[in-house]
Amino acid sequence: MPETSQVNILLVEDDQIDVRFIKKTFQTHRITNPIYVASDGIEALEILRGEGGREPLARPYLILLDINMPRMNGIQFLQELRGDPRLSNSIVFVLTTSAHDQDKESAYAHNVAGYLLKSGIGGDFMNAIRMLENFLVSIQFPSEQ
Amino acid sequence: MARFPEVNILLVEDDEIDVRSIKRAFQAQKIANPMFEASDGVEALKMLRGEAGHKTVPRPYLILLDLKMPRMGGIQFLHELRADPALRDSIVFVLTTSDDDRDKVAAYENNVAGYLLKQDVGDDFMHTIRLLDCFTISVQFPP
């Protein structure tokens with residue numbers, strides 16, 4: 001696998017066990033992109049916008065988004081993101097245990113790139129990881145960003 | 001690998017040689033998803049909307065979109081797609097030879113899932129094909 005371009009990954013996930021598991025799986029698959037973690041939608045927006053005295057998250061970036069989180073959940077986060085002219089073009093994959101059609105509909109209504117299930121830790125999740133691996137290698141981002 | 005339900009692929013591409021080479025790459029990777037072809041944005045919209053006289057693309061589907069096409073190009077197609085309540089949730093990958101930043105910016109403004117370069121034949125293109133393969137297997141499509 002050729003070296004992946006330095007796409008930053010913003011993992012929006014409140015469950016620390018899931019965060020550790022996802023990071024470990026990435027390492028196993030030699031996905032070495034820098035990973036930033038936000039524990040809910042509010043923190044994710046702060047990181048993306050560079051609030052609280054920090055720089056905005058450097059582009060290019062890819063957002064991996066959980067749905068069920070305290071304070072601001074994944075769908076509310078998507079509403080904010082798509083409503084913000086500077087962030088509306090972001091690429092977002094949902095990564096969740098929720099298989100509810102309603103969540104899928106809401107996510108795609110906000111044009112996520114894809115909806116991935118965390119639950120299938122066997123084959124399904126491995127296919128998701130392989131997909132992200134190939135995604136990070138193949139996807140073109142605007143160079144001016 | 002089993003895919004239930006089978007994801008339909010709508011290839012929007014005016015260049016017959018590109019259509020053939022993409023299909024061949026899919027076959028080489030043993031991607032057997034049903035493939036629908038539209039030669040420009042106008043035809044693609046008619047197929048997605050199931051207009052009379054056109055093949056209807058059933059859900060779930062994935063759109064692979066060229067940018068430079070006669071009648072209606074890829075960016076204009078994206079505008080139409082995102083403005084149509086029945087189609088706006090569609091998943092679209094751009095698949096083009098254009099390395100122009102303006103095209104990339106315009107495509108992501110319309111929330112494409114990803115922007116892929118066709119000119120990378122060989123290894124790089126195989127990553128693209130493998131990406132699409134894993135994508136149809138792992139992604140939960142709009143219900």
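Quick note on labels: first sequence line is chain A, next is B, and so on, each numbered from 1. Keep in mind that what you see is a predicted model, and the values were worked out from it rather than measured.
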Check: B/L116 and A/Q140 side chains under 4.5 Å, non-hydrogen atoms: no

From A/I139 atom CD1 to B/K104 atom NZ, the distance as rounded to the nearest 0.5 Å: 10.5 Å

By side chain to side chain contact (heavy atoms under 4.5 Å, CB included) - contacts of A/T25 (at least two apart): A/F21, A/H29, A/F125, A/M126, A/I129

Residue pair B/Q140 / A/L116, side-chain heavy-atom distance below 4.5 Å: no

Aromatic ring pairing A/F93/B/F135, orientation class (parallel under 30°, perpendicular over 60°, tilted between): perpendicular

Interatomic spacing from CZ in A/F141 to OH in B/Y108 - rounded to 0.5 Å: 5.0 Å

Interatomic distance, B/H127 atom NE2 to A/E133 atom CD [nearest 0.5 angstrom]: 9.0 Å

Side-chain donor or acceptor of A/R130 paired with backbone N/O of B/C134 under 3.5 Å: no

Flag, side chain of A/D101 to backbone of B/P143, donor-acceptor distance under 3.5 Å: no

Spacing of CZ belonging to B/F125 relative to OG belonging to A/S138, to within rounding of 0.5 Å: 10.0 Å

Inter-residue atom distance B/I137.CD1 - A/M131.CE, 0.5 Å rounding: 10.5 Å

Give the table of side-chain donor-acceptor pairs shorter than 3.5 Å for residues 60-71 of chain B, with sequence neighbours excluded, one pair per line with atom names and distance.
from, atom 1, to, atom 2, distance (Å)
B/Y61, OH, B/S90, OG, 2.7
B/K68, NZ, B/D103, OD2, 3.2
B/R71, NE, B/D40, OD2, 2.7
B/R71, NH2, B/D40, OD1, 3.3
B/R71, NH2, B/D40, OD2, 3.1

Options A/K104, A/H110, A/Q102, ranked by heavy-atom pairs under 4.5 Å with chain B, top entry: A/K104

Straight-line distance of B/T128 OG1 to A/F135 CZ, nearest 0.5 Å: 11.0 Å

A/F26, CZ: over 12 other non-hydrogen atoms inside 6.0 angstrom: yes

Closest contact, heavy atoms only, A/S143 versus B/D101: OG-OD2, 2.6 Å

Interface residues of residues 11-22 of chain B facing chain A - non-hydrogen atoms under 4.5 Å apart: none

Closest non-hydrogen atom pair between A/Y108 and B/V139, with its separation: OH-CG1, 3.2 Å

A/R86 CZ: over 12 foreign heavy atoms closer than 6.0 Å: no

Side-chain heavy atoms of B/D89 within contact of A/E105, under 4.5 Å: no

Student check: side-chain heavy atoms of A/N111 and B/R82 closer than 4.5 Å: yes

Pairing residues for A/D15 by the side chain to side chain donor-acceptor pair (under 3.5 Å) criterion, not counting sequence neighbours: none

